[in-house]
Trainee: 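Questions regarding the structure given below will be posed in turn.
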Protein chains: 2
Amino acid sequence: MTSQTADGGRAPSMQDVARLAGVSLGTVSHALNKPEKVSARSLQKVLAAVEQLGFVPNSAARSLAAGSSSTVGLVLTDIDNSLFVDIARGAEDEARTSGHALLLANSDVDFKRQESYLDIFDEARVAGILFTPLNASLEGVDRVRRHGRRIVLVNYAGGRQDCCAVLSDEEYGGYMAARHLLELGRRRLLFAGGPEEFHAVKERRNGALRAVMEAGNATLEIISSRRLKSDEGRKIAAEVTGRPADRVPDGILSPSDRIAAGVIHELMARGLRVPEDVAVIGYDNNHFATEVAISMSTVAQDGHKMGAEAINLLLDEIRNPRHEHRILTLKPRLIPRESTLGPSGRPVPEEDGRLPLEA
Amino acid sequence: MTSQTADGGRAPSMQDVARLAGVSLGTVSHALNKPEKVSARSLQKVLAAVEQLGFVPNSAARSLAAGSSSTVGLVLTDIDNSLFVDIARGAEDEARTSGHALLLANSDVDFKRQESYLDIFDEARVAGILFTPLNASLEGVDRVRRHGRRIVLVNYAGGRQDCCAVLSDEEYGGYMAARHLLELGRRRLLFAGGPEEFHAVKERRNGALRAVMEAGNATLEIISSRRLKSDEGRKIAAEVTGRPADRVPDGILSPSDRIAAGVIHELMARGLRVPEDVAVIGYDNNHFATEVAISMSTVAQDGHKMGAEAINLLLDEIRNPRHEHRILTLKPRLIPRESTLGPSGRPVPEEDGRLPLEA
DNA sequence: GAATCCAGATGAAGCGCTTCAATTTAGCAA
DNA sequence: TTGCTAAATTGAAGCGCTTCATCTGGATTC
């Protein structure tokens with residue numbers, strides 16, 4: 001246990017370990033990487049020397065010599081949105097079971113940062129990259145792929161078919177949300193907020209539209225907004241409640257939980273009852289969705305699974321020489337809670353404090 | 001602009017660039033790293049060759065040869081707590097201005113993961129590590145420091161003086177929170193929730209106690225809880241509201257915003273008015289603190305600044321041979337909002353949707 | 001015109017590891 | 001004992017880069 005301080009400055013190398021253990025360099029490497037290829041005696045000598053010197057393998061040297069690394073890079077859009085947190089966790093859990101470490105980079109919704117992190121992982125010759133791209137040019141994807149880097153897109157793929165991707169069926173999510181409101185008897189629906197340029201927003205809106213069309217006797221009004229934050233929801237709610245009673249929507253769906261939260265609070269502040277007067281449903285199942293005044297109904301994308309599946313696709317691409325690119329589209333799930341069901345939708349907290357994700 | 005596909009499999013190396021540019025290996029390296037040391041003609045030839053080959057430097061080889069890397073690793077406790085998100089952003093912003101990339105690792109409140117990520121950064125010979133440790137053994141810190149790795153502790157230091165750290169004055173934060181309630185005329189205070197083993201919880205409680213002592217004519221009741229989640233807040237609120245009126249607290253402070261959110265919602269559900277009957281204040285200024293029914297008063301630690309300062313300490317340790325370890329303790333700030341001030345505390349959203357952090 | 005200088009360019013050494021061909025050792029049957 | 005195979009070990013080559021001592025040639029000086 002007596003690791004010694006960096007004596008002489010230089011950290012101990014495998015060569016030092018070999019010397020101390022009285023074996024060759026190659027044997028040390030074998031002992032450390034494929035112990036079964038080495039006699040018990042050598043193994044033990046090596047391990048003892050490693051311990052005594054406090055040897056730490058140099059992963060730069062390793063990946064240079066081996067020509068590859070075992071870490072996987074994940075470039076995230078926005079660490080502040082719990083969907084991405086879930087994706088990161090799912091990826092991390094899955095990567096870990098196969099002995100890969102997951103390093104994160106947060107582009108913070110900034111295109112230049114996003115590209116720069118892609119390059120960093122590219123330069124580091126990581127085993128592969130998981131990438132949740134902004135709704136923008138996917139040139140970075142081409143760039144790193146040209147260098148032979150493996151990459152899996154998550155959450156958005158801009159229609160690309162030439163690499164693996166894990167997506168969420170946004171249209172269906174919007175459909176479910178609207179359908180849910182319709183089934184509760186709501187007829188004057190409002191799709192509240194979101195910039196139409198966002199692929200996800202547009203798809204969700206399309207889905208909602210489809211549900212309303214199918215129903216026949218209902219309407220869908222659309223009010224868009226520049227961003228997806230809660231104050232946009234407040235503004236929209238303020239606007240619609242100022243109308244004559246027969247033009248106030250009785251069901252509001254929003255492409256983000258944040259907007260929905262704003263809507264709910266503003267409605268309540270203006271004396272409307274949720275869901276009796278207006279039912280509200282959000283999207284994303286953000287972790288705060290149960291911290292609002294009344295727990296929010298929402299559409300959940302299983303971020304954890306998205307991350308895990310993305311890792312699986314990546315691993316197949318790494319290990320399977322006959323790998324073929326696949327696009328996985330996961331179905332989101334409806335999670336009705338109080339904001340559409342009323343008190344009966346009150347979730348029962350589980351022992352670990354997380355909420356059951358089943359509808 | 002014609003980068004070619006990985007011809008023959010191998011990615012182009014500096015050697016290839018040198019050959020194509022008609023200069024030596026060393027010149028390519030110089031051209032890329034210290035362009036001012038190279039003639040304009042060579043520089044241009046090199047750049048052209050780089051472009052043509054689609055050359056990407058191999059950072060493993062670089063850091064092996066140079067003996068150091070320029071990336072900084074940040075091992076985070078919990079990516080799901082917005083304090084850590086802020087820390088990551090602050091660190092990232094600051095690191096970027098000095099040309100360092102910031103890679104994140106999320107230990108997800110798991111000691112083994114935390115240690116494993118420390119080792120990964122250690123093995124990668126990163127320029128330095130920023131570390132928000134769990135409230136547990138700091139052996140990992142010793143381990144990596146023995147290997148000569150630089151490390152700065154953030155948010156918790158377990159009393160260590162032998163490395164740089166950026167902390168928040170938890171005791172003072174608790175003091176401010178309690179003081180705020182007292183100044184609003186509240187006298188029967190409740191400190192709601194939190195496991196006493198957490199250093200931060202204990203300190204905040206101590207601060208609250210000090211404020212109450214100073215005031216003289218007030219009391220502080222303490223109810224602890226196993227975790228820091230909102231349902232604990234609901235339970236506690238349910239319990240205290242069942243009491244005879246003169247034993248119901250008129251001011252509640254909690255060591256986490258999540259608990260405070262639970263408290264607020266349960267109080268409201270039981271017909272109590274916040275803040276008229278009970279004023280509530282949380283801690284952390286989590287990003288959802290303004291998404292709850294009424295915006296929450298809270299104590300904010302400036303995570304962004306913590307991250308930025310941690311990077312600065314690290315950079316000094318890297319660059320300054322006469323570096324001395326320093327512990328920076330930042331003062332948290334009180335952010336009164338509706339849950340203590342009533343409607344007048346309603347925040348005015350700024351243009352970018354974030355709330356002003358000034359009290 | 002010789003001596004001096006210096007920006008630039010060069011080439012080789014070496015960073016710490018993996019890997020592979022070559023070699024040694026052990027294991028065992030005849 | 002011999003011969004043969006399998007297992008274990010060795011040593012060297014080389015991954016792609018930085019760096020440093022060395023060299024080159026043109027400009028500057030007297």
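A note on names: the letters A, B, ... follow the listed sequences, proteins ahead of strands, and every chain is numbered from 1. Every heavy atom of this structure was used, including side-chain atoms; hydrogens, water molecules and symmetry mates were not.
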Trainee: What's the closest nucleotide to the B:Arg62 side chain, out of C:dT19, D:dC17, D:dT9?
Mentor: D:dC17
Trainee: Would you mind reading off the distance between A:Arg41 atom CZ and D:dT9 atom P, rounded to a whole angstrom?
Mentor: 8 Å
Trainee: CZ of A:Arg143: more than 12 outside heavy atoms within 6.0 angstrom?
Mentor: yes
Trainee: Between C:dC15 atom C1' and A:Gln15 atom CD, what is the distance in whole Å?
Mentor: 12 Å
Trainee: Just wondering, are more than 12 heavy atoms of other shown residues or ligands nearer than 6.0 Å to CZ in A:Arg326?
Mentor: no
Trainee: From NZ of B:Lys37 over to P of D:dT19, roughly how many Å is that when rounded to an integer?
Mentor: 12 Å
Trainee: Give the rounded distance in Å between these two atoms: CG of B:Asn58 and P of D:dG16.
Mentor: 7 Å
Trainee: Dump the pairs, protein N or O against N or O of nucleotides 11-14 of chain D, anything under 3.5 Å, distances to one decimal.
Mentor:
none

Trainee: If only side-chain N and O atoms of B:Ser63 are considered, is one of them under 4.0 Å from the OP1 or OP2 phosphate oxygen of C:dC15?
Mentor: no
Trainee: Looking at B:Asn33, does any N or O in its side chain come under 4.0 Å of the phosphate oxygens OP1/OP2 on D:dT18?
Mentor: yes
Trainee: Touch check for B:Ser29, heavy atoms < 4.0 angstrom, all strands: base, sugar-phosphate only, or nothing?
Mentor: base
Trainee: Base, sugar-phosphate, or nothing for B:Val28, non-hydrogen atoms under 4.0 angstrom?
Mentor: nothing
Trainee: Rounded to whole Å, how long is the line connecting atom CZ of B:Arg125 with atom C1' of D:dC17?
Mentor: 17 Å
Trainee: With the criterion being N/O to N/O and under 3.5 Å, what pairs connect the protein with nucleotides 23-25 of chain D, and how long is each?
Mentor:
none

Trainee: So what does A:Ser42 touch, heavy atoms closer than 4.0 Å: a base, only the sugar-phosphate, or nothing?
Mentor: sugar-phosphate
Trainee: Whole angstroms only, please: what is the CG-C1' distance between B:Leu32 and D:dG16?
Mentor: 13 Å
Trainee: Heavy atoms from C-beta onward define the side chain here; which of D:dC15, D:dT10, C:dT19 lies closest to that of A:Ala66?
Mentor: C:dT19
Trainee: Check nucleotides 23-28 of chain C for protein N or O atoms closer than 3.5 Å to its own N or O atoms and list the pairs.
Mentor:
none

